[in-house]
Q: 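Sending over a structure as structure tokens; questions will come in a sec.
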Amino acid sequence: MSNRSTMTITGNAGDADDVLLSRAVAGDRAAIEEVRTRGVAEPALLEEFALWQADELRLARAARSLDVVADRVDATRSKSGAYGRPFVASRAGLGWAVAAVLAVALVARDWSGARNGAADVNSNVAGLGSAFSPSFASSDDAFNAYLAKAREEGALVGDPQPPVFLGSRELGDGSGFEVVVVRQIYEIRRTSEMYRMQPVDETGRVRPVVIRPRTETVR
Amino acid sequence: MTERNSTNHHASLRFSEESARGKHASEDDVRLAEVADLAEARLHARAAQGEVEAIESVWRRNRRWIAAVLAAHAPRGVEIEDLLQEVAATFLAKAREIRDAASVRGWLRVVAVNEARMAARDRGIERKSLARFAASWRGESADRHAAAEARETLELLARLPAQYAEPLLLQAGQGLSQREIAEILDVPETTIETRLARARRMLRQLVAEDELRREEARTTGNHDVTKQRTGTEVHGSMMR
């Protein structure tokens, strides 16, 4: 280690001091010792060292946020085309407008599916009743199970946002309050087409119309 | 194949020896490091044979620093997590082709930088992913102050040129040694040392300017002052 600190530094004294400080904040003991020794006569160097150490701590803390992202990606569950997929409703990109359109698309798909194959839908639902009967202690448990499954499938983007408070009413029996909140969940779904529900006549009937919204073009 | 690459066969061993050799490293420390290297070499050998569990294990050991590399190079409009998925998928597909365990890190870094560059080329945009990530980062911890500070730090880092931000993130964020970074980036260790020193100097100046503007904003009550910094990048004599 000591040979690194005595290495000849080319350039001006400022560069040499920067290299020394850089080594010191990275934990090179010889460099730390040199800073301490020189600091007796050059208190400014010690002050600079303290500031660089503070920056180093900031960097380490900031890097944890990248670690959180990295820890979500496993090789065996990775998806090529993640940033090049045909349609992405990202948290910070397309936003709620596209998310709403996507919701319409899903509704439209269900609507057309029900119209074209109501029997299939019904049989599927009936099948669920007999073959799949999950038991949850509460709706919150069911919700959490859904989140876990969606995260596992890669359908959940980030973590759910805190509920948005809409309003409250006092309960007449004095037992407390009824609070209305909205839970926001950002999901990624893939669809070959997108639709808008368009009114057909004055009776309020609607039909799905294929649209091509202006979205980000990705590979 | 560069001269550096030809020495990569024993790179992994050197990494651990370097760590173990610190001031008070004992022979036991060095022996432990050698055992760890042997275990790692065996793990890579299993990964090269296509053993999924080993591939996953190798990936998990490396994914954090790969995220740091992507953060330093990726363009605006691309999620770091998405690019990381691409790198992971490539690794999963090609792990069997990597015969030299010691070169895995260099290989992964090249894949990561290529992914970032392809994303930038496709979109014709500059490197700003770190700034975007910083802006979107809400902190997955309950500590709002810590999350805000992390966001500010990442925003400052995004203003450094990639060649400086990358080694700084790898060392200060991931704890890699200069030698490890030099191996991964395939450049001389002295170059890494210089880049690290300059990166830290640049960051110090940015932090100092940021604090000064905040102080001015506090004293004058003009909060727009703090926004002026967002348009500036690090230029001039600092970028040598």
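In this text, all values refer to a predicted model and were calculated from it rather than measured experimentally. Reckoned from all heavy atoms, side chains included, excluding hydrogens, waters and symmetry mates.
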Q: Yes or no on side-chain contact (heavy atoms from CB on, under 4.5 Å) for B:R64 and A:L66, after CA distance, side-chain angles and deciding distance?
A: CA-CA 7 Å; B:R64 287 186 172 185; A:L66 285 171; over 6 Å; no
Q: Give me the one residue out of B:R200, B:R198, B:R201 that meets salt bridge (Lys or Arg N to Asp or Glu O under 4.0 Å) with A:D18.
A: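 One option only clears the test, and that one is B:R201.
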Q: By the definition side chain to side chain contact (heavy atoms under 4.5 Å, CB included), identify the one residue from B:L157, B:L156, B:L203 that meets it with A:R58.
A: B:L156
Q: Which heavy-atom pair separates A:A75 from B:A88 by the least distance, and what is that distance?
A: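 Scanning both residues completely, I find the closest heavy atoms to be CA-CB, 3.9 Å.
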Q: Out of curiosity, B:Q85 CD to A:D74 CG, how far, rounded to the nearest 0.5 Å?
A: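 Between B:Q85 CD and A:D74 CG, I get 8.5 Å after rounding to 0.5 Å.
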Q: Verify the neighbour count for atom CD of A:E42: are there more than 12 heavy atoms of other residues, nucleotides or ligands below 6.0 Å?
A: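 Atom CD in A:E42 is crowded, with more than 12 foreign heavy atoms closer than 6.0 Å.
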Q: Under a 4.0 Å threshold between the charged nitrogen and the carboxylate oxygen, would A:E48 count as salt-bridged to B:R204?
A: no
Q: Please determine whether the number of non-hydrogen atoms from other residues, nucleotides or ligands lying under 6.0 Å from atom CZ of B:R96 exceeds 12.
A: no
Q: Is any side-chain heavy atom of A:R23 closer than 4.5 Å to one of B:L196?
A: no
Q: Sort B:E53 into side chain, backbone, both or neither according to what part of it lies under 4.5 angstrom from a heavy atom of chain A.
A: neither
Q: Enter the distance from B:L168:CG to A:S22:OG here, rounded to the nearest 0.5 Å.
A: 8.0 Å
Q: Check A:A26 against B:Q171 and note the closest heavy-atom contact, atom names and distance.
A: CB-OE1, 3.4 Å
Q: Is there a donor-acceptor pair closer than 3.5 Å between any side-chain N or O of B:R63 and the backbone N or O of A:V73?
A: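 Yes.
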Q: Given a strict heavy-atom distance threshold of 4.5 Å, which part of B:V207 is in contact with chain A: side chain, backbone, both, or neither?
A: side chain
